[in-house]
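Atoms within a ligand are numbered from 1 in the order they appear, just like the ligands themselves.
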Amino acid sequence: MVGGGMDTKAKAVAGLLAATCVCSIIALILSVVNVKDVFLPPSTKYGLVFDAGSTHTSLYTYRWPADKENGTGIVSQVDVCTVEGPGISSYADDPAGAGASLRPCLDQALKIVPAEQQRETPTYLGATAGMRLLREQNGTKAEQVFAEVAKVIGEYPVDFRGARILTGTEEGSFGWITVNYLLETLVKFSFAEKWEHPEDTEVLGALDLGGASTQITFQPGVPVEDRNTSVFFRLYGTNYSLYSHSYLCYGKTQALKMLLAALHQDSVTAQISHPCYPMGYQENVTVAELYDSPCVRAPSTASPAQVLTVTGTGDPARCIMAVQKLFNFSCGAQRPCGFNGVYQPPVRGQFFAFAGFYYTFHFLNLTSQQSLNDVNTTILAFCKRNWSELERTFPQDKKYLHTYCSAAIYILTLLLDGFKFNEHTWSNIHFSQQAAHTDIGWTLGFMLNFTNMIPAEPLELVKGHQPGLWAGAVSFIVLALVTGLVAAFLLCFWKTK
Ligand SMILES: *[C@@H]1O[C@H](CO)[C@@H](O)[C@H](O)[C@H]1NC(C)=O
Ligand SMILES: *[C@@H]1O[C@H](CO)[C@@H](O)[C@H](O)[C@H]1NC(C)=O
Ligand SMILES: *[C@@H]1O[C@H](CO)[C@@H](O)[C@H](O)[C@H]1NC(C)=O
Ligand SMILES: *[C@@H]1O[C@H](CO)[C@@H](O)[C@H](O)[C@H]1NC(C)=O
Ligand SMILES: *[C@@H]1O[C@H](CO)[C@@H](O)[C@H](O)[C@H]1NC(C)=O
């Protein structure tokens with residue numbers, strides 16, 4: 001009778017023990033596997049942005065973990081595809097061609113984005129100064145080009161959110177956001193396990209040189225006096241009051257076009273001596289080709305079909321003088337300015353100089369923080385090299401080889417006389433193409449803003465398990481283990497007795 005009673009008790013205890021074990025295992029599994037990951041399928045998201053520049057178009061594919069999308073340094077570039085042919089603004093007389101040119105890159109991007117996620121992949125096309133100039137020349141043609149690119153992108157199974165022209169201020173601001181997002185100067189996951197604004201980190205300025213415009217954006221030490229150049233952001237709970245300006249026509253291609261036009265107008269004849277082109281270099285260009293943009297105005301006497309012969313003279317001193325004439329450095333009113341009378345507070349802090357600034361200086365091996373003196377010496381020496389020697393030394397760079405001297409002198413003039421850097425602040429300029437394996441340009445900042453991935457207010461802690469669930473799981477396991485141990489102890493106690 002006693003034995004039987006004990007048997008029943010033992011069975012009950014054994015049953016309790018088994019149930020406890022099963023429960024503990026379930027609790028353990030639940031706590032280890034994040035419930036969210038199991039029930040919310042796509043843990044990685046994608047975004048596509050076309051950068052329709054004046055000289056060419058690129059398609060950037062970005063990727064980020066869905067559950068952390070408000071953090072910083074989370075979005076990375078998976079791919080960049082360069083569209084064959086010129087920028088979309090060059091298709092003014094063949095708008096359908098602009099649309100068709102985008103297809104190979106769209107096909108490439110859709111090989112990266114998994115099929116089941118394509119329909120929710122935000123896709124944008126942003127055009128910059130090339131299209132700003134075309135719109136100035138003929139608005140109808142600009143609209144036709146946009147209609148064609150939108151038609152083609154619309155045929156693809158993506159979440160197409162439109163094609164449009166960015167303003168110069170947007171282009172500058174989004175470049176600034178890209179730089180500071182990638183360098184984590186806006187918000188950082190601190191040792192206190194919180195997303196915080198890094199106290200001792202200064203934000204960086206952004207210097208962008210495109211084909212048709214150049215942008216300067218930074219946080220000045222003084223309030224911005226001119227509303228047209230002031231930008232305000234609230235990001236992660238911190239206010240940023242920035243200065244940003246975009247100079248149309250002062251991108252590399254258009255500036256060198258203005259230079260050639262100025263030399264043509266000085267020479268009067270069809271023979272142009274070009275002090276920035278290497279000695280021994282010669283090219284022919286028609287009046288129509290030279291004066292094909294609103295940045296240059298053809299003299300009434302020149303007939304479009306006339307052929308101009310441009311001969312390099314490799315004379316850096318004259319080149320500097322000719323380049324300086326492209327700018328008006330006088331400020332007029334009693335306020336600090338950049339050039340052409342545009343207000344600009346004195347530059348402040350560290351800067352990233354990317355796109356054309358980087359490409360030109362990279363070719364000249366000037367991207368490793370050389371002193372201004374060394375930079376000057378290198379550029380002057382390069383400008384004196386003759387064409388046949390350059391062709392022999394750099395057979396890979398034939399297309400742009402004759403322009404590097406002009407471009408380098410243009411960049412020096414723009415940075416020093418235009419933006420007013422000096423021999424001290426020069427060392428604050430970092431010539432870079434990438435940060436955190438991602439290209440620096442406006443595209444990432446644009447996508448972050450339009451997908452609301454940079455919240456205005458500070459981030460709550462969203463990392464790992466939610467505290468409630470985690471605490472619950474831990475207490476349950478402890479409780480289960482204790483119950484199990486007590487049960488096992490009782491069982492042994494009864495057995496031995
Ligand atoms: C990101 O921020 C937005 C707006 O601030 C919010 O609606 C969203 O839930 C956040 N996403 C995550 C994963 O925290
Ligand atoms: C602009 O382009 C349209 C379409 O190609 C053309 O019909 C029109 O004449 C052009 N306008 C100007 C001002 O050139
Ligand atoms: C240069 O800029 C100043 C101030 O904006 C202006 O007064 C002056 O007329 C400009 N000079 C030329 C040659 O355009
Ligand atoms: C840059 O450096 C490389 C490697 O040292 C050299 O081959 C090349 O000639 C240099 N480029 C210029 C423009 O001096
Ligand atoms: C960012 O995007 C929002 C729309 O989502 C827009 O209202 C805002 O102006 C954008 N910011 C900038 C600087 O363009």
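For the residue pair His245/Gln215, the side-chain donor-acceptor check at 3.5 Å is not satisfied.
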| message | For Cys319 and Cys383: C-alpha separation, side-chain torsions, deciding distance, then whether disulfide (SG to SG under 2.5 Å) applies. | response | CA-CA 9 Å; Cys319 175; Cys383 287; 5.6 Å; no
| Is there a ring-ring contact (aromatic ring centres under 6.0 Å, His included) between Tyr359 and Tyr400 once you walk through the steps? | CA-CA 11 Å; Tyr359 303 134; Tyr400 295 110; 9.6 Å; no
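By the 3.5 Å distance cut-off applied to N or O atoms, Asn340 is not counted among the residues near ligand 3. Between Asn365 and ligand 4, at least one pair of N/O atoms sits closer than 3.5 Å.
Atoms of ligand 3 lying under 4.0 Å from any heavy atom of Gly341, numbered from 1 in the order shown and given with element: 5 (O).
Contacts between Phe394 and ligand 4 below 4.0 angstrom, taking non-hydrogen atoms only, involve the side chain exclusively.
Checking each of Phe218, Phe233, Trp176 against Tyr240 for a ring-ring contact (aromatic ring centres under 6.0 Å, His included) leaves exactly one that passes, namely Trp176.
Between Cys276 and Cys405, the two SG sulfurs stay at or beyond 2.5 Å from each other.
Here the closest non-hydrogen pair linking Ala206 and Val179 is CB-CG2, 4.4 Å.
Of the charged side-chain nitrogens involved, none lies within less than 4.0 Å of a carboxylate oxygen, so that Asp315 and Lys384 do not count as a salt-bridged pair.
Residue-environment remark: CD (Gln108) exceeds the threshold of 12 foreign heavy atoms within 6.0 Å.
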Enumerate, one pair per line, all nitrogen or oxygen atoms of ligand 2 lying under 3.5 Å from a protein nitrogen or oxygen, stating the separation to 0.1 Å; write 'none' if no such pair exists.
residue: ligand 2; atom: 2 (O); partner: Asn138; partner atom: OD1; Å: 3.3
residue: ligand 2; atom: 2 (O); partner: Asn138; partner atom: ND2; Å: 2.3
residue: ligand 2; atom: 11 (N); partner: Asn138; partner atom: ND2; Å: 2.9
residue: ligand 2; atom: 14 (O); partner: Asn138; partner atom: ND2; Å: 3.3

